[in-house]
Amino acid sequence: MRKKIVAGNWKMNMDLNEGLKLAGSIDKYFRENPSGKTEVILCTPFIHLAGASEILKHGKVALGAQNCASEASGAYTGEVSAWMIKSTGAEYVIIGHSERRTYYHEDDKLLYAKTILALNSGLKVIFCCGEVLSEREASSHFLIVKRQLEEGLFILSEKQMDSIVIAYEPVWAIGTGLTATPEQAQEMHKYIRDLVKEKYGNDCAKKIPILYGGSCKPSNAAEIFSNPDVDGGLIGGAALKKEDFTAIVKAIQ
Ligand code: PGA
């Protein structure tokens, strides 16, 4: 049985107090209502990590960052390294989110460098891929996702793939209220799993969690999660409200 995962991506929202308050209430909720076999992760802004780590320390909710530097350490003003993230107690880092690819021009080569640094620091990576609307309309979505995975991820060894979670996020569905239909999600997730199988074999393909992201909310989560190749979600907007986020976790259980 593959692990189910629901990860909240807080993006650049909430000041420190607001963020720690939300982390505290989510932690409390899952202490009282254990998520069973579903792993719950909060991916917070950098400044929340140390405080959130303290709050989540003895509970069941895991912690992650949303990005890391492409260099290990040194004179890179303003950057935060994978190792620094690890030292807060965080276990995960999101790499390759479409907002990083688009607004900060992060390409496949750079994302691969970040992925390697994250893995070498002992972090697990939630590696995002997904096409923009024009690519889907031109029916090139499979090719785009294939390229993103081949160039950014499939250079890893099979052993390293044990620390990877893939998140398929069609860019046209992120924050837009548009969601991929369950059929579209399943079709792409199966395609991704087949690519992993081709490259790393059946065991790896069977084990790797593939999450869906893009306007996932309590009202559509159960239907999306019911697909055989959808192992959970990467949740943006709906992760900012305890009620919505916990309802989405419930939808997968
Ligand atoms: P959304 O964001 O749920 O707000 O669409 C998902 C994401 O970008 O990870």
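One-based numbering along the sequence shown. Numbering of ligands and ligand atoms starts at 1, following listing order.
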Check your understanding: Is the shortest N/O to N/O distance between Gly213 and ligand 1 below 3.5 Å?
Key -> no
Exercise for review: Is it possible for you to say whether Leu20 and Met14 belong to one hydrophobic cluster, with membership spreading through side-chain heavy-atom contacts below 4.5 Å?
Suggested key: yes
Point to revise | Atoms of ligand 1 close to His97 [distance to a heavy atom under 4.0 angstrom, numbered from 1] | key: 7 (C), 8 (O), 9 (O)
**Study point:** Between CG on residue Asn9 and CD1 on residue Ile126, distance to nearest 0.5 Å
**Key:** 8.5 Å
**Study point:** Pair Glu131-Trp172, side-chain donor/acceptor within less than 3.5 Å
**Key:** yes
Practice item. Taking only heavy atoms of Gly175 into account, list the atoms of ligand 1 that are under 4.0 Å away from them. Key: 1 (P), 4 (O), 5 (O)
Review point. Quick one: do Glu106 and Lys114 make a salt bridge, cutoff under 4.0 Å?
Key: yes
Practice item. Quick one: look up the protein heavy atom nearest atom 4 (O) of ligand 1 and list residue, atom name and how far away it is. Key: Gly237 N, 2.8 Å
Point to revise | N/O separation below 3.5 Å, Ala238 to ligand 1 | key: no
Review point. What atoms of ligand 1 come closer than 4.0 angstrom to any heavy atom of Gly214?
Key: 5 (O)
**Study point:** Pair Glu169-His97, side-chain donor/acceptor within less than 3.5 Å
**Key:** yes
Review point. How far apart are the C-alpha atoms of Asp27 and Arg31, what are their side-chain angles, what is the distance that settles it, and do they pass the salt bridge (charged side-chain N to carboxylate O under 4.0 Å, His left out) test?
Key: CA-CA 6 Å; Asp27 175 67; Arg31 281 172 197 262; 2.7 Å; yes
Review point. Do the side-chain N and O atoms of Gln184 and Tyr168 include a donor-acceptor pair separated by under 3.5 angstrom?
Key: no
Point to revise | Asn9, portion touching ligand 1 at heavy-atom distance under 4.0 Å | key: side chain
Review point. Does Lys217 have a heavy atom less than 4.0 Å from any atom of ligand 1?
Key: no
Check your understanding: Judged by atom type as modelled, is there a donor-acceptor pair below 3.5 Å linking the side chain of Tyr200 to the main-chain atoms of Phe154?
Key -> yes
Study note, to complete from the structure: Near Ala173 (heavy-atom distance under 4.0 Å), the atoms of ligand 1 are 5 (O)
Point to revise | Heavy-atom nearest neighbour in the protein, as seen from atom 7 (C) of ligand 1, with distance rounded to 0.1 Å | key: Glu169 OE2, 3.1 Å
Point to revise | Geometric N/O contact Thr176 with ligand 1, under 3.5 angstrom | key: no
Review point. Considering only protein heavy atoms, which is closest to atom 3 (O) of ligand 1, and at what distance to one decimal place?
Key: Gly236 N, 2.9 Å
